[in-house]
There are 2 protein chains.
Amino acid sequence: MDNEARKLREYEQRLRDEGVRITRPRRAILQILSQAADHPDAMELFRRALAIDPTISLSTVYRTMKLLEDKGEIQRHAFAGGPARFEQAAGEHHDHLIDIDTGDVIEFHSERIEQLQDEIAHRLGYDIVHHRFELYGCRRKRK
Amino acid sequence: MDNEARKLREYEQRLRDEGVRITRPRRAILQILSQAADHPDAMELFRRALAIDPTISLSTVYRTMKLLEDKGEIQRHAFAGGPARFEQAAGEHHDHLIDIDTGDVIEFHSERIEQLQDEIAHRLGYDIVHHRFELYGCRRKRK
DNA sequence: ATGCAAATGCAAATCGTTTGCAACTGGAAA
DNA sequence: TTTCCAGTTGCAAACGATTTGCATTTGCAT
Ligand SMILES: [Mn+2]
Ligand SMILES: [Mn+2]
Ligand SMILES: [Zn+2]
Ligand SMILES: [Zn+2]
């Protein structure tokens, strides 16, 4: 079941069609992104990429993330404090809850809130282009 | 009606009671903050402060903002892209809509959304410590 | 295979913010 | 009031994340 591999090749082809050259560093990064289940930052992507392509540079990681962001392939998040973190734009929209003790990032979605956002913006005479909705909290202790 | 002046003196006293020395630079910054109707960043605060105390330094602006933040006197916002921006913590809680064309910051509040946040966090087993909720949009054109 | 624009690695630059340090000062105590 | 010293300052240098200039490679259309 190398569904993984096929999906990756499709991914690469989609970009090639958009005029993006598939280079060795980019191939490594795409592979990492399609496997990642978390929200790695540039340095973490760099570390993971080194394991695949030992000649890759941090600049290239940054340049590639900007490229992919422009192409709409990834999303960039700037959670409180830390450096930018990334994730594939594949799935549907969701927001994040960050565990301030562990740093864990939990995804959630509330259609209710998304609707309310539109209402609020509309009432103020605006059209929402994008939004940032992050909850910062800690595990509820006791019962 | 120098209500302004009285409020400022109260402000200073409150801090003094918390063990904060009221120095010349701090007095200038407090005055600026209590007058500001917008969300200035450190450099803008520095500019405004220079008009009151020509010897103030940018470092002191930064140090004072951190101090006031710790004392709960101001709120620090990190809107997309730009540098940190500040505002007095006086009023009640509100969130922001940023006009991506003009940079204007519009305040709003939705008790509904605040409640939903708690529900969501609770469902995920968390207690919210703070949150970030920003809408980015542009003025709705046409009718 | 060939050619060339696009992409790379490296080092240096940038931006917002923080910090070390020696000089200065608020305000409690005498 | 004067004294005193921990708290505060300005300055310059350090910082972390990200971007950029440049000379050198490389993907890939021909
Ligand atoms: Mn996510
Ligand atoms: Mn505000
Ligand atoms: Zn959302
Ligand atoms: Zn809110």
Side-chain angles (χ1 to χ4, degrees), chain A residues 9 11-32 39-47 49-50 52-71 73-86 103, chain B residues 9 11-32 39-71 73-86 103:
Chain A
R9 245 172 293 122
Y11 199 173
E12 292 179 6
Q13 194 51 51
R14 175 156 29 111
L15 285 170
R16 233 185 297 259
D17 293 344
E18 289 197 71
V20 174
R21 285 192 190 175
I22 301 305
T23 64
R24 197 146 68 100
R26 285 178 182 173
R27 189 169 281 118
I29 291 172
L30 292 179
Q31 183 187 147
I32 291 165
H39 300 75
D41 61 26
M43 186 54 73
E44 176 59 26
L45 285 171
F46 178 50
R47 265 183 244 112
L50 279 179
I52 301 176
D53 170 5
T55 75
I56 197 173
S57 78
L58 183 54
S59 315
T60 295
V61 171
Y62 276 111
R63 279 192 276 234
T64 301
M65 297 325 278
K66 175 134 53 197
L67 175 86
L68 294 179
E69 188 183 12
D70 291 346
K71 294 295 181 188
E73 293 292 334
I74 62 163
Q75 261 185 258
R76 171 191 304 260
H77 303 294
F79 298 138
R85 302 173 64 163
F86 310 88
Chain B
R9 245 172 295 124
Y11 199 172
E12 292 179 5
Q13 194 51 52
R14 175 156 29 111
L15 286 170
R16 232 186 298 258
D17 292 346
E18 290 198 69
V20 174
R21 282 194 193 172
I22 303 305
T23 64
R24 197 146 67 101
R26 285 178 183 173
R27 189 170 281 118
I29 291 173
L30 292 178
Q31 184 187 147
I32 290 165
H39 301 74
D41 62 26
M43 187 53 74
E44 175 61 24
L45 286 171
F46 178 50
R47 265 183 243 111
R48 298 185 194 178
L50 280 179
I52 301 176
D53 171 5
T55 75
I56 198 174
S57 77
L58 182 55
S59 315
T60 295
V61 172
Y62 277 112
R63 279 192 276 235
T64 301
M65 297 324 277
K66 176 134 52 195
L67 175 86
L68 295 178
E69 187 183 12
D70 290 346
K71 295 294 181 188
E73 293 292 334
I74 60 162
Q75 262 184 257
R76 172 192 304 260
H77 303 295
F79 297 139
R85 302 174 64 163
F86 309 89

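What you see below is based on every heavy atom in this structure, not just the backbone, and it leaves out hydrogens, waters and symmetry mates. Predicted, not measured: the structure shown is a model, and the values here were computed from it.
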Practice task
Output yes when a side-chain donor or acceptor of A:Arg26 lies under 3.5 Å from a complementary backbone atom of A:Arg21, and no otherwise.
Solution key: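 Yes; at least one donor-acceptor contact below 3.5 Å.
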
Length of the line joining [X]:[atom1] and [N]:[atom2], which is rounded to integer Å:
X       : N      : atom1 : atom2 : result
A:Ile22 : C:dT8  : CD1   : C1'   : 15 Å
B:Glu18 : C:dG26 : CD    : C1'   : 18 Å
A:Lys66 : D:dA17 : NZ    : C1'   : 12 Å
A:Asp17 : D:dG27 : CG    : C1'   : 15 Å
A:Glu12 : D:dC28 : CD    : P     : 9 Å
A:Leu67 : C:dA7  : CG    : P     : 7 Å
B:Arg24 : C:dG26 : CZ    : C1'   : 13 Å

Are the side chains of [X] and [Y] in touch, meaning some heavy atoms are under 4.5 Å apart?
X       : Y       : answer
B:Asp53 : B:Ile29 : no
A:Ile52 : A:Ile32 : yes
A:Arg76 : A:His39 : no

Handout entry: Quiz item: A:Thr60 side-chain donor-acceptor pair to C:dA7 base, under 3.5 Å
Key =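 Answer no: no donor N or O sits under 3.5 Å from an acceptor.
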
Practice task
Could you tell me whether the side chain of A:Arg26 has a donor or acceptor atom within less than 3.5 Å of a complementary atom in the base of C:dA7?
Solution key: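 No pair found.
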
Exercise for the section: Assign B:Arg63 to base, sugar-phosphate, or nothing according to its heavy-atom contacts below 4.0 angstrom with the strands shown. Expected result: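 Base contact - B:Arg63 has a heavy atom under 4.0 Å of at least one base atom.
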
Practice task
Select base, sugar-phosphate, or nothing to describe what A:Thr23 touches, counting heavy atoms under 4.0 Å on all strands.
Solution key: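 The answer is sugar-phosphate, as A:Thr23 gets under 4.0 Å only of primed atoms, P, OP1 or OP2.
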
Handout entry: Options C:dG27, D:dT18, D:dG10, nucleotide nearest the side-chain atoms of A:Tyr62
Key =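 Looking only at heavy atoms from C-beta outward on A:Tyr62, the closest nucleotide is D:dT18.
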
Handout entry: Side chain of B:Ser57 (C-beta onward), nearest among D:dG10, D:dT18, C:dT17
Key =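 Shortest atom-to-atom distance from the side chain points to D:dG10.
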
Practice task
Would you kindly compare B:Gly82 and B:Arg21 by the position of their nearest DNA chain C nucleotide and give the one closer to the 5′ end?
Solution key: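 So the residue in question is B:Gly82.
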
